[in-house]
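Naming convention: chains lettered A, B, ... in sequence-line order (proteins, then strands); numbering from 1 in each chain. Source: prediction; values computed, not measured.
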There are 2 protein chains.
Amino acid sequence: MDVKTACLGVLSLGDATGYEIKKQFEDGPFSHFFQAGFGSIYPALNDLLANGLVTRADPGLDGRADRKVYAITDAGQRALTRSLAEPAPSDKIRSDALVMLSFAEHMTEAHRTEIFDFYLNDVRERARRLAENTPEDDTSHRAVIAGLGHAIYETFARYLAENRTAFLNAANEATDPPEADRPVLTHKNADHTGTPS
Amino acid sequence: MDVKTACLGVLSLGDATGYEIKKQFEDGPFSHFFQAGFGSIYPALNDLLANGLVTRADPGLDGRADRKVYAITDAGQRALTRSLAEPAPSDKIRSDALVMLSFAEHMTEAHRTEIFDFYLNDVRERARRLAENTPEDDTSHRAVIAGLGHAIYETFARYLAENRTAFLNAANEATDPPEADRPVLTHKNADHTGTPS
DNA sequence: CGAGACATGTAACCGGTTACATGATTAC
DNA sequence: GTAATCATGTAACCGGTTACATGTCTCG
């Protein structure tokens with residue numbers, strides 16, 4: 001599922017400019033499962049055009065001079081169907097925040113609380129925006145997929161909220177050099193240069 | 001959160017070989033949020049070594065001649081802490097299967113059912129493996145994060161199971177050329193070469 | 001008239017994936 | 001002995017991100 005295929009998919013729902021395709025990636029029903037920037041969309045579109053999978057309505061003819069409206073061709077439709085017939089690679093969830101929180105024992109208490117709460121807030125925000133973008137009455141298959149995104153982020157938010165204190169307490173106990181619990185008393189090993197043994 | 005930092009994180013939990021680090025990435029508490037192959041791990045380790053962030057116990061001294069055991073240094077520990085102090089980029093969930101299912105109207109009924117069920121099964125499998133790898137009595141902060149992974153996949157599985165028929169029915173209604181409902185009657189537009197207008 | 005959204009593109013860069021190549025050790 | 005697992009690495013490739021560069025249109 002490269003950017004080209006995703007563009008074809010969006011165009012199968014209706015004609016659009018590159019800019020509009022990007023918005024679909026951001027607000028559409030699968031916004032949570034896929035993302036792409038202009039730097040990949042525009043080249044992808046030109047490639048599709050060169051291969052006859054889309055057509056481009058030359059700008060200037062209708063309305064604005066700087067809009068290039070793309071439309072999928074029959075060949076494009078078939079290419080899309082072909083791509084959709086291939087087995088899908090398995091999901092990749094990449095969450096730097098959660099990996100970082102896995103190593104929360106190396107952070108100060110303040111910092112880990114900050115990251116945790118920032119993350120919780122971010123997830124809540126996403127869940128909210130998702131609910132907002134999903135019309136209640138839509139029963140299409142695409143809406144089912146969008147609903148899954150919503151369910152996921154709700155779960156994220158609920159789990160984090162429920163386990164907040166458990167996480168923070170456990171992390172506090174695991175913290176290596178409490179940094180403050182060890183006053184200047186013993187020795188000044190605060191600037192050892194890390195020379196390996 | 002590049003591979004180097006992740007390696008440092010794993011090494012902060014104990015010495016390990018590159019091979020073992022990879023296993024941590026696969027089975028450890030954040031396996032669902034991060035992944036890396038040998039092609040990135042080994043170069044990363046060499047880079048860390050060159051920068052004095054880890055040490056390498058020369059093989060041959062203890063036991064097997066082909067094991068290179070890495071250990072984090074003080075400098076490495078500090079570098080890790082520094083990385084952990086930076087703001088985390090937001091999550092990226094990339095699910096080709098779900099994007100593909102978003103366009104299920106371009107698939108045959110059989111194929112979309114197959115993809116859906118395969119995906120459902122995959123998600124269930126992951127949830128199961130996750131539950132299996134997580135000891136019940138672990139109350140550490142890392143276990144909380146691992147528990148989140150578990151909760152997520154459970155949600156995935158439950159949602160998919162609950163909405164299976166709704167999804168398949170909706171997709172059936174939206175299917176464009178039912179391919180079979182349109183016999184050879186009208187015309188042979190099955191091999192138009194998609195010439196753009 | 002100015003701010004903000006709309007709109008398109010290029011080029012360098014970078015990090016990770018893939019494929020390839022090799023060999024030791026362990027358990028059956 | 002032989003298969004599976006353990007173990008390490010390299011090099012080409014590739015796709016996407018980032019930063020840059022530019023210009024239009026609309027609304028207040």
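- A straight line from CG of A:Asp47 to P of D:dC14 spans 13 Å, rounded to a whole angstrom.
- Ring planes of B:Phe25 and B:Phe34: perpendicular class, angle over 60° (limits at 30 and 60°).
- Atom NZ of B:Lys92 and atom P of D:dG15 are 19 Å apart (whole Å).
- Nearer to the 5' terminus of DNA chain D, by closest-nucleotide assignment, is the contact made by B:Glu20 (compared with the other of B:Gly39 and B:Glu20).
- Taking atom CD1 of B:Ile41 as the reference point, atom P of D:dA7 lies 13 Å away to the nearest angstrom.
- Using a 4.0 Å heavy-atom criterion, one finds that A:Tyr70 contacts the sugar-phosphate atoms exclusively.
- Between B:Leu98 and B:Tyr119, the shortest heavy-atom contact is CD1-OH, 3.5 Å.
- One can place OH of B:Tyr42 at 18 Å from P of C:dA19, the figure rounded to the nearest angstrom.
- Side-chain atoms of A:Thr73 come within 3.5 Å of backbone N or O of A:Leu53 as a donor-acceptor pair.
- Residue contacts for A:Gly37: at a heavy-atom cut-off of 4.0 Å it reaches the sugar-phosphate backbone alone, with no base atom in range.
- A straight line from CZ of A:Arg94 to P of D:dG16 spans 16 Å, rounded to a whole angstrom.
- More than 12 heavy atoms of other shown residues, nucleotides or ligands fall within 6.0 angstrom of atom NZ in A:Lys22.
- Computed from coordinates, the B:Leu45 CG to C:dG15 P distance equals 17 Å when rounded to whole Å.
- Computed from coordinates, the B:Phe34 CZ to C:dG15 C1' distance equals 11 Å when rounded to whole Å.
- Atom-to-atom, CG of A:Asp27 to P of C:dC6 comes out at 10 Å; the value is rounded to the nearest Å.
- Scanning both residues, A:Val3 and A:Ala44, for their nearest heavy atoms gives CG1-CB, 4.0 Å.
- For the OP1/OP2 pair of D:dT8 and a distance below 4.0 Å, the side-chain nitrogens and oxygens of B:Thr17 include at least one atom meeting the criterion.
- Dashed line: the shortest gap from a side-chain N or O of A:Ser40 to OP1 or OP2 of D:dT17 is under 4.0 Å.
- Within 4.0 Å (heavy atoms only), B:Lys23 reaches sugar-phosphate atoms of the nucleic acid but no base atom.
- Comparing D:dG16, C:dA7, C:dG16 against the side chain of B:Val3 picks out C:dG16 as the nearest.
- When each of D:dT10, C:dT25, C:dT10 is scored by its nearest atom to the side-chain atoms of B:Asn46, the top-ranked nucleotide is D:dT10.
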